[in-house]
Structure formats: structure tokens, C-alpha cells
Visitor: 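Take a look at the following structure, please.
Both ligands and their constituent atoms are indexed starting at 1 by order of listing. Note that the numbering runs from 1 along the sequence shown for the chain. Predicted, not measured: the structure shown is a model, and the values here were computed from it.
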Amino acid sequence: MQDADKRVTAVVAIDGPAGAGKSTVARRVASCLGLLYLDTGAMYRALALKALSAGLGPDDEAALVQLLANSDIHVAEDPDRQLHVWLDGRDVTDAIRRPAVHAVVAQVASLGGIRAGMVDRQRSLAEEGGVVMDGRDIGTYVLPHAPFKFFLTASLEARVARRHRELAAQGFLVPAATLQRDIVERDRMDSTRAVAPLQQAPDAHVIDTTNLTADQVVQEILAVVRGR
Ligand code: CDP
């Protein structure tokens, strides 16, 4: 794909609820297409982590907007295509996946002032070239003109099981019932917030990933993108 083509055509938006497998799939799709990958959830998580360290409550909008204005949040892949998240020059890739961050991120992300700042950053990154972006509001709000939009879903059980495995791999043994409560609550907050809620774009391809491997989902997305 030529650089100019990438800017015009290669914008892939992947949205969906917690644990639907967006980040694994989006990263692989980006790698197959040679595009930049942007995990927008990681940006909200990095700010939530900074708020926790600063002792700020997740609803203190004025202080959080100020905090965001003074934050350098950077998501980039290393040469091995591992995604790293940098907060003010510190690698916070693992820290943003801690249960404490899970617990407050949706509240931080529901604040209008925070979303405005994040969306500006996300749109300017997309303008730099072809991108695969995953989140909750990419196809509906951040990049509504994206030519390729996908909405990933999965049963609650499958999403809880995935999150359980992901956290266990990092050494966090959180009971499944707790994870389920967290996911249901985060989905509720993400879907009902006033600004850019989690929503399926009318022109999105919906993929139910419950019984699919990540590779199968990647192949389905690539077939749509390459078939255009
Ligand atoms: O990995 P998981 O799907 O659980 O979450 P994530 O993509 O890392 O996003 C964490 C949280 O950030 C979500 O629950 C949302 O509250 C928020 N978020 C958002 O509001 N908008 C986005 N575009 C991405 C994430």
C-alpha cells in the first residue's frame, strides 16, 4: 500500500465492549496491513493510572483535565511489534492493566473534558497515516468516516474467561465473579455515558467472537478490508 493510499483508505475502526478481544485482533490486523495500531483504551488507562498516583478522584473533572493537559501519553510498538504505553517517559504497559485501574477507568473516560482531549490526540494520530484504532467510539465519533468499521461482541461468559486468563498471566488471581461484576458495570457505564457512548455504528461489520479464535477474527477482518 502506498503512503497516500493509506491516508485515504486504510483507516480501520474496531469497537466493542470489554473483553471482546479488540486489542489482540486490532494489533494483528495492523501488523498484517503494515499500519499503525492505536489502542485508545490504553490512553484512558494511562490517565486513570496517573490520577490514582496523584490521589485524584475519578470524578474530579477539572483536576483531571488539568492532569491530562500536563501528561505525555504515548502508545508505540517496539521493533518486535510489542505494544508499549508510555506515561511521562515511563513505561506503564503492565501498570495500566492492574485491577485498580480497571476499577476507575470507565469513570475517568466518562468525563466530557477528558474525552475531548483524548479524541483530539487520536484524530491527529490518525491524520498521520493509515491506522487501526480500537476502542468504544471510534467508528461512531472519533473517525466516523472510516471506510472500515468493525464491532466485536462476545458472550459475557467468554469475555469474563478471557479477562481471567489475561490477568492470571500477569499474576493477578481475581475471582471470576468479581471480574464479571467489573465487566458488567464497565459496559453499563460505557454504554450509558452522555458523551460518545459505546455504540455500534450502523455501517459496522459485526463479528461475534464467542466461538472464534483471535486468528479467525483477524482473517474475517482482513477479508473485508482486502475485498474492498
Ligand atoms: O481491554 P478492555 O476492552 O477491557 O478495555 P480498554 O479498551 O483498555 O478500555 C478501558 C476503558 O477505557 C473502557 O472501559 C472505557 O471506559 C474507556 N474507553 C473509552 O471510553 N473510549 C475508548 N475509545 C476506549 C476506551
Side-chain angles (χ1 to χ4, degrees), residues 12-27 37-52 58-59 64 68 73 75 83-85 87 92-123 125-126 131-144 146 149-154 156 158-167 169-170 172 174 178-201 204 209 214 217:
V12 181
I14 302 181
D15 291 302
K22 298 178 300 291
S23 43
T24 309
V25 162
R27 190 167 50 233
Y37 165 52
L38 185 66
D39 175 351
T40 62
M43 297 172 70
Y44 290 97
R45 285 171 180 276
L47 182 68
L49 175 70
K50 188 164 175 176
L52 285 172
D59 52 359
L64 289 170
L68 176 60
I73 297 173
V75 183
L83 195 79
H84 288 263
V85 184
L87 172 64
V92 293
T93 310
D94 293 333
I96 61 165
R97 306 281 158 198
R98 281 185 206 142
V101 175
H102 280 277
V104 296
V105 63
Q107 216 175 330
V108 171
S110 71
L111 304 171
I114 297 301
R115 298 205 74 77
M118 291 293 193
V119 169
D120 278 352
R121 292 173 184 217
Q122 292 156 9
R123 286 184 181 147
L125 283 166
V131 70
V132 178
M133 210 179 272
D134 80 344
R136 302 290 189 286
D137 58 341
I138 310 304
T140 51
Y141 188 74
V142 181
L143 304 172
K149 298 181 187 178
F150 298 89
F151 193 84
L152 306 190
T153 62
L156 180 60
R159 296 190 290 126
V160 170
R162 284 175 193 162
R163 185 50 38 91
H164 197 262
R165 275 198 300 275
E166 197 180 290
L167 285 172
Q170 294 164 29
F172 295 111
V174 185
T178 308
L179 290 179
Q180 177 159 331
R181 258 200 319 277
D182 165 70
I183 285 182
V184 168
E185 175 56 11
R186 212 142 52 84
D187 285 350
R188 189 192 64 73
M189 292 184 66
D190 289 343
S191 315
T192 57
R193 69 178 173 229
V195 193
L198 165 66
Q199 219 174 18
Q200 186 186 314
T209 72
V217 181

Visitor: Distance under 4.0 Å to a non-hydrogen atom of G19: what atoms of ligand 1 satisfy this?
Guide: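 Under 4.0 Å from G19, ligand 1 has these atoms: 3 (O).
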
Visitor: Between the side chains of R115 and Y44, does any donor sit under 3.5 Å from an acceptor?
Guide: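 Indeed, the side chains of R115 and Y44 share at least one donor-acceptor pair under 3.5 Å.
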
Visitor: Could you walk me through whether R163 and D182 pass the salt bridge (charged side-chain N to carboxylate O under 4.0 Å, His left out) check?
Guide: CA-CA 10 Å; R163 185 50 38 91; D182 165 70; 5.3 Å; no

Visitor: Using a 3.5 Å cut-off on N or O atoms only, is K22 in polar contact with ligand 1?
Guide: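 So ligand 1 has an N or O lying under 3.5 Å from an N or O of K22.
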
Visitor: Nearest to atom 2 (P) of ligand 1, what protein heavy atom do you find, and at what distance?
Guide: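 Sorting protein heavy atoms by distance from atom 2 (P) of ligand 1 puts R163 NH2, 3.5 Å first.
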
Visitor: Judging by distance only, is a nitrogen or oxygen of S23 under 3.5 angstrom from one on ligand 1?
Guide: no

Visitor: Restricting to side chain to side chain donor-acceptor pair (under 3.5 Å), what partner residues turn up for T209, sequence neighbours left out?
Guide: R162

Visitor: Can you tell me which residue and heavy atom of the protein come closest to atom 25 (C) of ligand 1, and the distance to 0.1 Å?
Guide: G41 CA, 3.5 Å

Visitor: How does M133 reach ligand 1, by side chain, by backbone, by both or by neither, if only non-hydrogen atoms under 4.0 Å count?
Guide: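 Near ligand 1, M133 shows nothing, with every heavy atom at 4.0 Å or more.
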
Visitor: Check for a donor-acceptor pair, side chain of K22 on one end and backbone N or O of M133 on the other, with a separation under 3.5 Å.
Guide: no

Visitor: For atom 17 (C) of ligand 1, what's the nearest protein heavy atom and its distance?
Guide: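 Of the protein heavy atoms, A109 CB, 3.6 Å lies nearest.
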
Visitor: Looking only at protein heavy atoms, identify the closest one to atom 16 (O) of ligand 1 and say how far it is in Å.
Guide: D190 OD1, 2.6 Å

Visitor: Where is the tightest heavy-atom contact between G139 and D15, given as atom of each residue plus distance?
Guide: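 So the two residues come closest at N-OD2, 2.8 Å.
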
Visitor: Distance to 0.1 Å, residue and atom name: give those for the protein heavy atom nearest to atom 18 (N) of ligand 1.
Guide: Y44 CD1, 3.7 Å

Visitor: Within a distance under 4.0 Å of any heavy atom of R97, pick out the atoms of ligand 1 and give their elements.
Guide: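 With R97 as reference, the close atoms of ligand 1 come out as 8 (O).
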
Visitor: Run the numbers on D39 and R97 for salt bridge (charged side-chain N to carboxylate O under 4.0 Å, His left out), then give the verdict.
Guide: CA-CA 13 Å; D39 175 351; R97 306 281 158 198; 3.2 Å; yes

Visitor: So, is D137 polar-close to ligand 1, with some N/O to N/O distance under 3.5 Å?
Guide: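 Yes - when backbone and side-chain N and O of D137 are compared with those of ligand 1, one distance drops under 3.5 Å.
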
Visitor: Please classify the H102 to ligand 1 contact at 4.0 Å (heavy-atom distances, strictly less than): side chain, backbone, both or neither.
Guide: neither

Visitor: Give me the residue, atom name and distance of the protein heavy atom closest to atom 21 (N) of ligand 1.
Guide: R115 NH2, 2.9 Å

Visitor: Ignoring hydrogens, what is the shortest heavy-atom contact between I114 and L68? Give both atom names and the distance.
Guide: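 Shortest heavy-atom separation between I114 and L68 comes out as O-CD2, 3.8 Å.
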
Visitor: What is the minimum heavy-atom distance between V132 and A26, and which atoms define it?
Guide: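 Minimum heavy-atom contact is CG1-O, 3.7 Å.
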
Visitor: Counting only heavy atoms, tell me which of Q122, R45, R162, M189 gets closest to atom 8 (O) of ligand 1.
Guide: R45

Visitor: Do any N/O atoms on T40 end up under 3.5 angstrom from N/O atoms on ligand 1?
Guide: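 Between T40 and ligand 1 (N or O atoms, distance only) the closest approach is under 3.5 Å.
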
Visitor: Among protein heavy atoms, which sits nearest to atom 10 (C) of ligand 1, and what does the distance come to when rounded to 0.1 Å?
Guide: R186 NH1, 3.5 Å

Visitor: For a quick test of reading the model, state the closest non-hydrogen atom pair linking V101 to A95 and the distance between them.
Guide: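 Minimum heavy-atom contact is CG2-O, 3.7 Å.
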
Visitor: Please determine whether any non-hydrogen atom of E185 lies less than 4.0 Å from an atom of ligand 1.
Guide: no

Visitor: Would you tell me which option among R136, M43, R193, M118 has the nearest heavy-atom contact to atom 5 (O) of ligand 1?
Guide: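 Selected option, by shortest heavy-atom distance: R136.
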
Visitor: Mind running side-chain contact (heavy atoms from CB on, under 4.5 Å) on R98 and L52 for me, showing each step along the way?
Guide: CA-CA 11 Å; R98 281 185 206 142; L52 285 172; over 6 Å; no

Visitor: What heavy-atom pair brings R193 and L198 nearest, and what distance separates the two atoms?
Guide: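 Reported closest heavy-atom pair: NH2-N, 4.2 Å.
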
